[in-house]
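Scope of the values below: all heavy atoms of this structure, side chains included, with no hydrogens, waters or symmetry mates.
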2 protein chains.
Amino acid sequence: MEDNELPADVAAMWRLREAPRRGPKPSLTLDEIVRAAIAIADAEDLAAVSMARVAERLGNSTMALYRHVKSKDELFVIMSDAALERPEPMPEGVDWRTGLTFWADGVLTAIRRHKWYAKLPISGPPAGPNNLAWFDSALGVLAQTGLPEEAKVGVVMGLITYVQGEIRMAFDLAAGYIDNPDAFQRFGSTLRRVADPRVYPAVARTVEAGVFDEVGSFEEDNETDFDFGLQLYLDGVAAFIDRVCGPAE
Amino acid sequence: MEDNELPADVAAMWRLREAPRRGPKPSLTLDEIVRAAIAIADAEDLAAVSMARVAERLGNSTMALYRHVKSKDELFVIMSDAALERPEPMPEGVDWRTGLTFWADGVLTAIRRHKWYAKLPISGPPAGPNNLAWFDSALGVLAQTGLPEEAKVGVVMGLITYVQGEIRMAFDLAAGYIDNPDAFQRFGSTLRRVADPRVYPAVARTVEAGVFDEVGSFEEDNETDFDFGLQLYLDGVAAFIDRVCGPAE
DNA sequence: TCCTTACTGCGTATCATGTACGCTAAATAG
DNA sequence: CTATTTAGCGTACATGATACGCAGTAAGGA
């Protein structure tokens, strides 16, 4: 009822604004606006999302949007929750490690559909319905570990950080690659030209070994790196659980 | 000589543009421009860096900058290399694990001085002189492991990903906290209001345990989280080294 | 010495963008 | 029927990136 105590963007994400009793019927809904903005960001780029473009796509004037959204930043926050959608339900009876791997792969898949997601600043703890569902899913699978609640939150936050960091870096690099593949192709020869072996001995050794001379497939490398790093992190979590709960069953 | 084969921004970072022989003496240098831009970003924000602001700070016109920099994006790339400065030299004779911890702390310290760094997109592999020096420093400390060159690169890239991801998340959260501390203070009560225990059972349990009701010091928590995650990652690297090289001396 | 040439700084103009403000018309409450 | 609330929208403005071309300057060549 009194959602006055809730932050405005949170109330918006949960669609808690009570329907107005008077005035003309809205010809626009928040959902349509968010969907249109997401469609533009998917097709082009986060930078391509301007209030004018969104409004145009909906056949409305730019300023009409401001009846439903306080600012562009608020739109971004709502977009970021909407883009994640709901996680696949966790398979029954999986152990925590399989569960978190499943979860991380799910995040990767979800964000692959909306590459701009990783560009948005994280403004706070997960407060929208979809974000919260993901959070709940990861916390739920840790229930079996017997970790204290606070430690579970720490582990999940760390996992979120790792996953988002990896994704962001991969997408940034991929974007750079698309912008000019030459820079990658020629990275080896660039280094040979510019990196004095006396100043950068370790880099020079690597260059001599030819590491930068052939370029693999991006998608494959990313998938491999992602899993590799994820398993590293989960190794650490396992050790942490042992330390806190004792080497359990 | 023929730096025509180098990408323009790389040439700029290494200051390889040959000095012009004719025409008026430049009253502006690339270094001054980059320094001014960094000063603005440090004092305010990356968003506060506009060509006009930078020029004003230097007592020049906006368009004069374009004689030294091809675009704002190029300025950002050059800024990002300049901001890192050189790493502290690695202490003599440290083992790889101590060395990488030292290295990661150094990155954290460097970026703390320029919080906007984590907001910049990574457009490619590290190609500027300072970035390369950091890269070299981390690679160098892995020489003792006997890993193949390519694996060293993988480990260092993973480390960079982790460190940057953690830093970015921490700074984003800190910015959100400054913008409105209330949202954090009231996060527990927000969740109680909005998160139906039947839909979000694990979150509800955590909320009931009071995890979100008290807020710790940001700086402390970050430092702890950073070291915790870093040691997890290094645990994984140790296992990886054992796997590839055999359980070495 | 003077002209040519390459170059710098800068004024102007253009276009995109976020958003404040206020008007008009619609829908409902009384 | 009237007052109130609210939606859409036109206008205006501030800010920002950057294309373009001019004017003046310094070096090279005559």
Side-chain angles (χ1 to χ4, degrees), chain A residues 4 8-9 11-12 15-34 36-37 40-41 44-79 116 119-121 179, chain B residues 3-4 8-9 11-12 15 17-34 36-37 40-41 44-79 116 119-121 179:
Chain A
N4 12 342
D9 50 348
R15 310 297 144 91
L16 288 180
R17 232 193 291 168
E18 71 283 15
R21 299 255 144 265
R22 305 190 188 185
K25 296 286 174 229
S27 69
L28 264 178
T29 66
L30 182 55
D31 284 281
E32 285 171 329
I33 295 174
V34 172
I40 294 171
E44 297 176 52
D45 194 6
L46 200 59
V49 177
S50 72
M51 300 305 267
R53 284 286 311 271
V54 175
E56 185 193 30
R57 198 171 223 279
L58 295 167
N60 278 75
S61 81
T62 306
M63 293 313 291
L65 305 184
Y66 284 90
R67 292 285 169 197
H68 304 266
V69 150
K70 199 159 58 80
S71 70
K72 196 186 180 182
D73 279 342
E74 191 181 284
L75 174 60
F76 277 166
V77 170
I78 303 173
M79 281 172 73
W116 45 268
K119 281 214 170 69
L120 289 170
D179 281 359
Chain B
D3 51 19
N4 10 343
D9 51 348
R15 309 297 143 91
R17 231 194 292 169
E18 71 282 17
R21 299 255 144 263
R22 305 190 189 187
K25 296 281 171 232
S27 68
L28 220 54
T29 65
L30 183 55
D31 284 281
E32 285 171 330
I33 295 174
V34 172
I40 295 172
E44 297 175 52
D45 194 7
L46 200 59
V49 177
S50 71
M51 299 307 264
R53 284 285 311 272
V54 174
E56 184 192 32
R57 197 174 224 273
L58 295 166
N60 278 76
S61 82
T62 306
M63 293 313 292
L65 305 186
Y66 284 92
R67 292 284 173 198
H68 304 266
V69 151
K70 199 159 59 80
S71 70
K72 196 186 182 184
D73 279 342
E74 191 182 283
L75 175 59
F76 278 166
V77 170
I78 303 173
M79 281 172 72
W116 45 269
K119 282 212 170 69
L120 288 171
D179 281 359

[atom1] of [X] versus [atom2] of [N]: gap in Å, rounded?
X        : N       : atom1 : atom2 : answer
Lys72(B) : dA19(D) : NZ    : P     : 14 Å
Glu56(A) : dG8(D)  : CD    : P     : 17 Å
Leu65(B) : dT18(D) : CG    : C1'   : 11 Å
Leu28(A) : dC9(D)  : CG    : C1'   : 12 Å
Leu58(A) : dC9(D)  : CG    : C1'   : 15 Å
Asp73(A) : dT17(C) : CG    : P     : 16 Å
Tyr66(B) : dA19(D) : OH    : C1'   : 10 Å
Leu46(B) : dA17(D) : CG    : P     : 11 Å

Under 4.0 Å: is that the gap between some side-chain N or O of [X] and OP1 or OP2 of [N]?
X        : N       : answer
Ser27(A) : dG8(D)  : yes
His68(B) : dT8(C)  : no
Lys25(A) : dT28(C) : yes

Full working for side-chain contact (heavy atoms from CB on, under 4.5 Å) between Leu28(A) and Arg67(A): CA-CA 9 Å; Leu28(A) 264 178; Arg67(A) 292 285 169 197; over 6 Å; no
Of the nucleotides [options], which one has an atom closest to the side chain of [X]?
X        : options                  : value
Met63(B) : dG11(C), dG8(D), dG10(D) : dG11(C)
Ser50(B) : dT19(C), dT8(C), dA17(D) : dA17(D)
Arg22(B) : dA27(D), dT4(D), dG8(D)  : dA27(D)
Pro24(B) : dG16(D), dT11(D), dC7(C) : dC7(C)

Residue mapping more 5' on DNA chain D - nearest nucleotide basis, Gly23(B) or Ser71(B):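 Checking each residue's closest nucleotide, the 5'-ward one belongs to Ser71(B).
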Sugar-phosphate only, base, or nothing, as touched by Met51(B) at under 4.0 Å among non-hydrogen atoms: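 The residue Met51(B) makes sugar-phosphate contact but no base contact.
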Touch class at under 4.0 angstrom, heavy-atom based, for Arg67(B) against every strand present: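 The residue Arg67(B) makes base contact.
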Salt bridge present between Arg15(A) and Asp31(A) (N-O < 4.0 angstrom):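 Judged by the 4.0 Å cut-off on N to carboxylate O distance, Arg15(A) and Asp31(A) do form a salt bridge.
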Under 3.5 Å donor-acceptor, Glu32(B) side chain and Thr29(B) backbone: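 At least one qualifying donor-acceptor pair exists.
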Check: Val49(A) main-chain N/O paired with Lys72(A) side-chain donor or acceptor under 3.5 Å: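 Checked: pair present.
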Closest heavy-atom pair and its distance - Ala12(B), Glu74(B):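 Looking at all heavy atoms of both residues, the closest pair is CB-OE2, 4.2 Å.
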